[in-house]
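Letters A, B, ... are given to chains in the order of the sequence lines, protein chains preceding strands, and every chain is numbered from 1. Below, each value reflects all heavy atoms present in this structure, side chains not excepted, and no hydrogens, waters or symmetry copies.
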There are 6 protein chains.
Amino acid sequence: MASELETGLPSVRHLQMLVRDKAHVRVMLTTGEELQGKIRWQDPHCLCLLADDQRTRLVWFHSLAYVEIIPLS
Amino acid sequence: MASELETGLPSVRHLQMLVRDKAHVRVMLTTGEELQGKIRWQDPHCLCLLADDQRTRLVWFHSLAYVEIIPLS
Amino acid sequence: MASELETGLPSVRHLQMLVRDKAHVRVMLTTGEELQGKIRWQDPHCLCLLADDQRTRLVWFHSLAYVEIIPLS
Amino acid sequence: MASELETGLPSVRHLQMLVRDKAHVRVMLTTGEELQGKIRWQDPHCLCLLADDQRTRLVWFHSLAYVEIIPLS
Amino acid sequence: MASELETGLPSVRHLQMLVRDKAHVRVMLTTGEELQGKIRWQDPHCLCLLADDQRTRLVWFHSLAYVEIIPLS
Amino acid sequence: MASELETGLPSVRHLQMLVRDKAHVRVMLTTGEELQGKIRWQDPHCLCLLADDQRTRLVWFHSLAYVEIIPLS
């Protein structure tokens, strides 16, 4: 596990874009649980998610299946 | 985890071929969830999948079971 | 796995803040089990959780999905 | 993760033997799904399996529980 | 994975204390299975558990969710 | 992942003893599946198990929860 964010990687940059744009995202965990909200920041271990219920969750990457933007309806 | 794509590895090259050919693929996750679409790019952490519902999903390799090409029917 | 706590990382610092503040947290495991209590300390492998039942649990990071603060009601 | 196949390891050599012999194998995934076919190649990340349905699947090692030869009946 | 036990880490020391004290522990696995017994030793890969049924089990850390002391009743 | 067997580790030595003694073992996987048989060899990635059905299975360590000796009845 790198201790620095690998900012040259497309996946890291994609997440940084989601942070910058305050995108509304759906985060699917490997448990099958789904979280929705905005990504506040990432580091090499975790995403910090401000969920739609206004709670801040520290989510470990190892528990992530995928992340997608929720389209504006 | 390598921070550079190991382009000499057969699995990385197989995925690059799927990207180049815009192949229609089935991505089976370790959760049992199945995604279908086209792989846009890979990096050492993730696949970027343009799913058939036109949503872009960032899928972590650690949550992948297997990938296969969907044959033309 | 680092053998020193990477105190420069936001996720590590967020957890240190939860320890310092004796915050009441909900810890969601990848098994779907949920633990509640206060984080006593972290090291690179584990969280030590003083659960609401007054039992001390050593929880491995690899089994964590997310951590959140339980709001005062 | 090594970026070279560790050809001195018994498990790697066992798999190479299965490739060479075009052995008919059963691949049990950690999801509980079972695949059958022939292993085309391995690299440090994946097995390439030509399944009995003639589809080629790229299977990640991290999703494998075990591999066994299916006896001739 | 370190090949030496990192005896400076609080989690390793906590487990060493459980070994020394012959504490009666509950070991929760990521499968949801629960084992009870006494920890005989640890190394960087495994706990050796003398279970209450007097069987010795070698338990891999990657399958552990948490460990707790069972209070004297 | 080490590419050499770490023969100084108690867990590796415990498994080597099970191999040498042709012990009858129960191998519990993280999937909840249980295999029984004799361990033929180990390397840093896998156990090779000669199961009671006389099939040889290559079992990845990452899918193991625990191993125990089945007592003579």
Contacting moiety of [X], where chain D heavy atoms sit under 4.5 Å:
X	answer
F:Leu29	side chain
F:Leu49	neither
F:Glu33	side chain

Heavy-atom check, side chain of [X] versus side chain of [Y], under 4.5 Å:
X	Y	answer
D:Arg26	F:Arg55	yes
D:Tyr66	F:Leu47	no
D:Leu9	F:His45	yes

Item to check | Leading residue by heavy atom contact count with chain F [cutoff under 4.5 Å; candidates D:Leu64, D:Ile70, D:Leu15] | outcome: D:Leu64
Item to check | Centroid-centroid under 6.0 Å between D:Phe61 and F:Trp60 rings | outcome: yes
Next on the checklist: Treating F:His62 as the side-chain partner and D:Ser63 as the backbone partner, does any N or O pair qualify as donor plus acceptor under 3.5 Å?
Outcome noted: no
Heavy-atom pair with the smallest gap, counting every atom of [X] and [Y]:
X	Y	result
D:Ser11	F:Leu58	O-CD2, 3.9 Å
D:Thr30	F:Thr31	O-CG2, 3.1 Å
F:Thr56	D:Glu68	O-CB, 3.5 Å

Checklist entry - Is the number of heavy atoms from other residues, nucleotides or ligands within 6.0 Å of CZ (D:Arg40) greater than 12? => result no
